Amino acid sequence: DGTLWDSAKNVAISWNEVLRKEAPKELEVDEEFVHSVMGMTMKEIADHTITKMDEENKRKVFKHCEEYEVEYLEDKGGELFEGVEETLKKLSQLGYKMAIVSNCQTGYINAFMTSMNMKQYFVDYEEWGRTLKSKAENIRLVMERNGFEKAIYIGDTKKDMDSARGANIPFVHASYGFGEVQNPDAVIKVFSELLDVIQNYNLD
């Protein structure tokens, strides 16, 4: 989210379908709200989304939001950012190994890869919903199990940068995304600029 694609419109649609049925006293969410919480863990997002329920019911309802979101996105997909598919294809042809690490729920990354036909470009992925670990820990986990001695992390939020710092790897800011950061290691204004930026890092 904010780096490879924008799914906020369809995420909002899916959540609102659940909220209307199971939490009618809650405010419906819109695309702007979804953008504002992207990058948070699903627990943090639930706390921002459902505010009028006790903890037990909040978790139950938002779990249904998460599950239906994955189902909905797998079918409807989202909007790829400019140059994403062409750039991923080129990076793959050049021999770079790519993985996705996100604070999303279980199944979300697979929904992205399935709906956007992206599975061939990624060797691995990890998500908060599967490990309940921090993004920094999940970055290291992916690096270790794939034998990556060097890596860079591309993201759009301060939490992404903090996670890259926590994993002790460089951070490239996708400035076209949904967040602002201070002093990243590099900046890309469109995803295709990654082809030039990546040359500055010896990832062999």
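Start at 1 with the first residue, then count along the sequence. Being a predicted model, the structure only gives us computed values, none of them experimental.
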Taking all atoms of both residues into account, what is the closest heavy-atom pair of [X] and [Y], and its distance?
{"X": "Gly2", "Y": "Ala174", "result": "O-CB, 4.0 Å"}
{"X": "Leu80", "Y": "Val84", "result": "CD2-CG1, 4.1 Å"}
{"X": "Ser163", "Y": "Ala136", "result": "O-CB, 3.4 Å"}
{"X": "Pro170", "Y": "Ala151", "result": "CD-O, 3.3 Å"}
{"X": "Ala111", "Y": "Glu74", "result": "CB-N, 3.9 Å"}
{"X": "Gly155", "Y": "Thr3", "result": "CA-OG1, 3.4 Å"}

Hey, does [Y] have a side-chain heavy atom less than 4.5 Å from the side chain of [X]?
{"X": "Val61", "Y": "Met53", "answer": "yes"}
{"X": "Ser115", "Y": "Asp75", "answer": "no"}
{"X": "Met42", "Y": "Phe62", "answer": "yes"}
{"X": "Phe33", "Y": "His48", "answer": "yes"}
{"X": "Glu31", "Y": "His35", "answer": "yes"}
{"X": "Asn103", "Y": "Met40", "answer": "no"}
{"X": "Tyr125", "Y": "Asn138", "answer": "no"}
{"X": "Ile169", "Y": "Ile152", "answer": "no"}

May I have the list of side-chain donor-acceptor pairs in residues 185-192 shorter than 3.5 Å, sequence neighbours left out?
residue : atom : partner : partner atom : Å
Asp185  : OD2  : Arg165  : NH1          : 2.8
Asp185  : OD2  : Phe171  : N            : 2.7

So, taking the atom named [atom1] in [X] and the one named [atom2] in [Y], what distance separates them when rounded to the nearest 0.5 Å?
{"X": "Lys97", "Y": "Phe122", "atom1": "NZ", "atom2": "CZ", "value": "13.0 Å"}
{"X": "Lys63", "Y": "Asn57", "atom1": "NZ", "atom2": "CG", "value": "16.0 Å"}
{"X": "Phe178", "Y": "Asp1", "atom1": "CZ", "atom2": "CG", "value": "6.5 Å"}
{"X": "Leu73", "Y": "Asn110", "atom1": "CG", "atom2": "CG", "value": "11.5 Å"}
{"X": "Lys76", "Y": "Glu71", "atom1": "NZ", "atom2": "CD", "value": "11.0 Å"}
{"X": "Ser102", "Y": "Glu127", "atom1": "OG", "atom2": "CD", "value": "7.5 Å"}

Other residues, nucleotides and ligands only: do more than 12 of their heavy atoms fall within 6.0 Å of [atom1] on [X]?
{"X": "Glu79", "atom1": "CD", "answer": "no"}
{"X": "Gln120", "atom1": "CD", "answer": "yes"}
{"X": "Lys25", "atom1": "NZ", "answer": "no"}
{"X": "Gln199", "atom1": "CD", "answer": "yes"}
{"X": "Glu56", "atom1": "CD", "answer": "no"}

### Task
Let me see the working for Glu67 and Gln105 under side chain to side chain donor-acceptor pair (under 3.5 Å), right down to the final yes or no.
CA-CA 8 Å; Glu67 292 169 348; Gln105 71 271 39; over 6 Å; no

Look only at the side chain of [X] and the backbone of [Y], and say whether a donor-acceptor pair between them is shorter than 3.5 Å.
{"X": "Tyr121", "Y": "Leu91", "answer": "no"}
{"X": "His173", "Y": "Thr157", "answer": "no"}
{"X": "Thr49", "Y": "Ala46", "answer": "no"}
{"X": "Asp30", "Y": "Glu32", "answer": "yes"}
{"X": "Glu137", "Y": "Ser134", "answer": "yes"}
{"X": "Asp6", "Y": "Gly78", "answer": "no"}
{"X": "Asp160", "Y": "Asp156", "answer": "yes"}
{"X": "Glu44", "Y": "Thr41", "answer": "yes"}

### Query
Hey, mind stepping through Lys150 and Tyr201 against side-chain contact (heavy atoms from CB on, under 4.5 Å) and telling me if it holds?
CA-CA 9 Å; Lys150 300 176 182 177; Tyr201 300 94; over 6 Å; no

### Message
As a quick check of understanding, evaluate side-chain contact (heavy atoms from CB on, under 4.5 Å) for Glu17 and Tyr72, giving each step before the final call.
### Response
CA-CA 11 Å; Glu17 286 190 29; Tyr72 194 86; 4.1 Å; yes

Using a strict cut-off of less than 4.0 Å between a Lys/Arg side-chain nitrogen and an Asp/Glu carboxylate oxygen, indicate whether [X] and [Y] qualify as a salt bridge.
{"X": "Lys58", "Y": "Asp54", "answer": "no"}
{"X": "Glu86", "Y": "Lys89", "answer": "no"}
{"X": "Lys158", "Y": "Glu180", "answer": "no"}
{"X": "Arg20", "Y": "Glu26", "answer": "no"}
{"X": "Glu55", "Y": "Arg59", "answer": "yes"}

### Query
Hey, which of Arg145, Lys135, Arg140 is the one that makes salt bridge (charged side-chain N to carboxylate O under 4.0 Å, His left out) with Glu126?
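Exactly one pass, corresponding to Arg145.
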
Hydrophobic clustering (ILVMFWY, side-chain heavy atoms < 4.5 Å, transitive) - are [Y] and [X] grouped together?
{"X": "Val37", "Y": "Ile109", "result": "yes"}
{"X": "Tyr96", "Y": "Val172", "result": "yes"}
{"X": "Leu194", "Y": "Phe112", "result": "yes"}
{"X": "Ile139", "Y": "Trp128", "result": "no"}
{"X": "Tyr108", "Y": "Tyr153", "result": "no"}

## Note on the structure
Those residues at least two apart in sequence (or on a different chain) that pass side-chain hydrogen bond (donor to acceptor under 3.5 Å, both in side chains) with Asn168 are none

### Query
Yes or no on side-chain contact (heavy atoms from CB on, under 4.5 Å) for Leu19 and Ile50, after CA distance, side-chain angles and deciding distance?
CA-CA 9 Å; Leu19 293 174; Ile50 302 176; 4.2 Å; yes

